[in-house]
Each structure stands twice: as structure tokens, then as C-alpha cells.
Amino acid sequence: MDSHFLEVRNLKKYFKRTRGNVHAVDGVNFTIDKGKTLGVVGESGCGKSTLGRCVLRLIEPTDGEVLYEGRDICKLNKRELKDLRKEMQIIFQDPFSSLNPRKTVLDLIAEPIKFNKLIPNASKADIENRVLELMETVGIAERLINTYPHELDGGRRQRIGIARALSLNPKFIVCDEPVSALDVSIQAQILNLLKKLQKELGLTYIFITHDLSVVNYFSNDIMVMYLGHVVEMAPAAELFRNPMHPYTKALLSAILLPKVNGNPERIQLRGEVTSPIDPPDECRFAKRCNYLCKACSAGTPPLLEVEPNHLVACHCIKPGMNILQEQPHLISGR
Amino acid sequence: MRKSKSATLISKQYRRKGFLIEVWLRLRTNRGAVFGLAVLALFILIMVYTFIFMTPADVSKIDSKSRYLPPSSAHPFGTDDMGRDLFVRVLYGTRYSLAIAFGAVGIGAVIGTFFGSIAGYYGGWTDQIIMRITDVLHSLPGILLGMVIVTILGAGLQTLMIAIGFTVISGFVRMARASVLSVKTSEFVESARAIGMSEFRIVFSQVLPNSISPLIVTFTARMATSVLAAAGLSFLGFGVPVPLPEWGALISAGRNYLTTAPHLTLFPGIFIMLMAFSCALLGDGLRDALDPKLNK
């Protein structure tokens, strides 16, 4: 049990609003092993970024445990947390706002090193050498060392963001939609860079994205989120081969394939997203589900291991029984 | 380690001009700012000159034979009701206005920015308490507040500076709070948190440098109004003690002779205006020049 690199148990984050609590992340469990990647997918507002930040404790979780190498990071004091920050880093979505516009590339990459005093008695030259080393690792030409972020393109900025995260020699990185703000051609470069770094440095990633083709390329396991709940979790290949949850099916049908007439019919979702403010105790996807059965309003469906390593949270799908396929008469199609 | 561990730094090799030089190069293209800077520099030179070459005795040398003389080559700005040379007095008075412009506003800016940033960044109760106190300060008319403080502490240059400084605090608190609010949700603040920086340090190393432009504009705008406010307080008799030639006090002394000897109010008035005007122009230029994004 305790051999997992990172284990998250029943993690919850509620935001207090005047109308009630926004259930951004609501009872999420998962584990990641060292050197692996967990992809987290879901639509905007499903709580995937909040999840990533809670795991790093950049946002205080409301409840739950985050065990990093066996230690619960939610119980660490400020000092211990500061030490642990060196091992857990984050790469942000928007390279245009995640870099301080008043600092040069040198300052930006040197900042974490200087602040955490990673090099004892560092001279200017020591720090600069380390910065140049990092710039080489992430592929930024050394002539750009004195430029400001606004003078660079999105891809280069994202590389700076990666260099900043790497500067502390982390073991674990949360990638919060690191490529969604970039052009497709640059997306591929950054993804390859991240993959190369994982191989060379043995990094463990949580890869948050709404782009399923990216996550397929990247992840060992994929976790699909809907309104703060995990609805399906499986190894990447298994999830793409055999999506079970109606929401996952709809998501996968939205991927465009480079084939003439090769795209399967798109599953359209209708209806409105359930409000995340104090949602009722029923399947949160029920309002938009194409396969509405009688059990849907009977409490939140638990996440069950329907097939080995394939977890689904749906009242209609239980181990050894898939009502969606076997007993379609029980379902009122919309 | 990399191979290039030479004595010279790589960053030197691709060195750009220093930060201040870049600011200057950008500032130089703004004519108004250059004008403002030149006038302020001139005032500072005048102040240095008066410190070296003038004694209080020169300034209050009474000559009953030459009262109310209009400007001439012997007395470029004319003479006043006691035959004192107005040119000498106006030049000597530069130090007071400069002290107010930089000293008083400096006091207000440091205190105001500090509390404003804290209020903006932490929010909640901290914010409420600081802002309500600021509201109280703000609701009192500045000149009245200044008069109260001078009455309590007694007249003098330091008191005047404190009094004026106090009246500008609220402006800085609000400006700092507003700009911190607009910056604090940026991802780079979160990024600083992710490398382990403390909240307090984030405010002053990440947030504040990015909120600096509106503060600089406030600073220079307040320099202008403070020079006027100081002149106003002196005019009312709450400023620098009487024989000392503060510009506002000069105008106050000359106001009874507006029709017979207008130069007594005209010249100090021009100096006050020049000072206020150049502060405002410089501030405008600095705001643009300090932003590296506008590097064209």
C-alpha cells in the first residue's frame, strides 16, 4: 500500500460563496507511482486545476490526505512545506502571465535557486552557470539570457517556465495544461521536451489537460473528471480502447482523426451542467447523460473497479454487468 | 558543470545597457519629461548654490531706502516692503519647496504604499481595518488636517513635512491597494509561492514592482499638489516661521501690494508653478520609461 510515490485520499476542496459551497474537488482518490504520468482530463470548471493546486498545497484543501512518499503534506508546517516545495513543482498553463514581466530570463531562472540557496556560497558565476545549464536542458539559446519574457514567443516562455520548475531539481511536477496556450507545432516540441525530461530525470507528472489526444500521447493512466468527481480511471490504452462512462464516450467521440469519413459519429451532450454549488446527492452527470436510467438519482455513484485497473463511477455499470450494453430497455434514451 | 567557466560572465557577453540607462534612453524621447527633469535639476542646483553662497543674513538684509522697487538689473525680481532683494529670497526658498516635494511626499509614499500593499494582498480584516482608517483620513480636508497637525506639533519645516506627508498617505494607500489587487491573482505570484516564498516577501519582491507605475505617477502628482499645499499652509501662516522665505509665505506677504507691486506675488508664483508643472511632466514620462514592455 505505502509503496506509492503519491497517494491522494478523499481530497476535497470547497470554496465558500454566499450562495453556498462550490464543490470544486469532491472526494478524489488516486495513486501515482514513481516515474509515471497521470493524465487528468475534463472540461473547463471540472476542478482539475484546483486538484493540481491542492496536491501541491498551493490551495489549502478542505479535507483529505495527500501522501507524498508516505508523508501527509497537508499536515506539514511552514518550514517543512518550504523544504518540500523544492521537490514538487508546477508548470503553468499560460506562459504569458506565469512569468514576472519585470525580470529577465536570468533573473527568472535564478530566482528559485537564489531564494532556496541551492548552491552554497554561490557567486554570480556559479548561479549563471547553473542557469545556462538549465537553459541548455530546456533548449533556450544562451543569447536570450538578458531578454524579458514579453520579447519572447509563447514556446520559449513556456520553456522558461519549465526551466524555473526544474531549477529546484524536483521529483514531481504538476503540469497544468502546459501546452493549451501554444500553437500546435510548438505544443509538440514542448511535449517532447517534457517527455525527454521525464526519461532523463525520472520525473513523475500529473498532467492536467482538456485535450485528449495530448493526454493519450503522454500518460500511463488517465483520470476523467466531471464536476469535482472522478468518473472513470484506467490505463491510457484501455481507456481509449474501451471507454465505459457515458461522459468519457462523449469526450472521446469529440477527437478528430486525420481520416476521410473516418470519424465515428459524434456523441452530442445536451442539457445544462449541474451547478457545482451544493449539488444534489445524485450522479452529477445525470442532467446531461444520454443514457438515463432509474438509478441515476439514487445517490452519488461510487467509483468501482469494473474491470482490472478500470474504474468507473456510473449506476448503470457494475463489475460484470453493463446495463448500457446488455439491458438497453432499462434506459430511457433522450 | 558547463565548459565555459571563464572569468567573464556569459550574461555580460550579451549584455544590454544597464536598467537605468535603458530607462533614461526611453525617458529622453519624451520632451515634456526632459523639460521637467531639467527644471528640477535647475532647482536642485539653485538649492546647492544657496547652501554654499548664501547666509540667512543675506536673505533678510533690510534696506529701507529701496522698498517696492520693480525688477531691474540690480534687483532682478525687485524688492519687497522692507527693501529685501526678492531674487535672493526666492532662490533661498527653493530648499523648502524641494524638501516638501521629496521629503513630505516620500514620507507619505513609504507609509501609504506599505499599508496599501498589505491591505490589498491580505484582504479580509486587515484590509477592512486599514481601509476604514484611510477613509477617515481621506474624508478630512487636507489643508485642515495639515493645520491641525501643525497646531499640535508647532510650526517649522519638519512639522510642515510631516503634516503634508500625512495628508498624502491616503492617496498612496488606495493606489497601492488597487494595483496590488490587480497583480496579486497573476500566475507568477502563484509561481513564487510554488518555489516557497513567504507571502510577505511575495508582496514586496513580486507584486509591488509590478504595481510601480501608478505609484510613480501618484508620487509626482502629489509632489506638485504638495508644493501647492505647503504654499497654501504658509500663506495661512501655518508654514515655515515668518522671516524665512518659503514661496507661499512670500506670496502671502506680497498679497497686500498686488496693485502697487505685483512682482512680489508674480515671481514666487511663477516658481511654484514651474515646480509643480515640472514634477507632473516628469512623472508622466517616468511612468512610460519604467515599463520595459514599452521598449521601442
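Bear in mind the structure is a predicted one, so any value in this text is a computation, not a measurement. Here is how names work: the chains are called A, B, and so on, in the same order as the sequence lines, proteins then strands, and each is numbered from 1.
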Would you mind telling me which of [options] has the largest number of heavy-atom pairs within less than 4.5 Å of chain B?
{"options": "A:Asn100, A:Asn116, A:Ile145", "value": "A:Asn100"}
{"options": "A:Gln93, A:Met88, A:Lys86, A:Arg164", "value": "A:Arg164"}
{"options": "A:Arg85, A:Lys103, A:Glu111, A:Gln89", "value": "A:Arg85"}

Subject >> Nearest-0.5 Å distance that lies between atom OG in B:Ser198 and atom NZ in A:Lys78 >> reply: 7.5 Å
Subject >> Nearest-0.5 Å distance, CZ of residue A:Arg102 to CG of residue B:Leu208 >> reply: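 So the CZ of A:Arg102 and the CG of B:Leu208 are separated by 10.5 Å.
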Original post:
Quick one: what part of A:Arg57 sits under 4.5 Å from any heavy atom of chain B, side chain, backbone, both or neither?
Top reply: neither
**OP:** Counting only heavy atoms closer than 4.5 Å, note whether A:Leu99 contacts chain B via side chain, backbone, both or neither.
**Re:** backbone
Original post:
Is there any residue in residues 186-194 of chain B with a non-hydrogen atom under 4.5 Å from a non-hydrogen atom of chain A, and which ones are they?
Top reply: B:Ser186, B:Glu187, B:Phe188, B:Glu190, B:Ser191, B:Ala192, B:Arg193, B:Ala194
If you count the non-hydrogen atoms of other residues, nucleotides and ligands that lie under 6.0 Å from [atom1] in [X], is the total more than 12?
{"X": "A:Lys196", "atom1": "NZ", "answer": "yes"}
{"X": "A:Phe96", "atom1": "CZ", "answer": "yes"}
{"X": "B:Phe166", "atom1": "CZ", "answer": "no"}
{"X": "B:Phe43", "atom1": "CZ", "answer": "yes"}
{"X": "A:Arg19", "atom1": "CZ", "answer": "no"}

**OP:** Flag the one option from B:Ile195, B:Ile212, B:Val183 with the top tally of heavy-atom pairs under 4.5 Å to chain A.
**Re:** B:Ile195
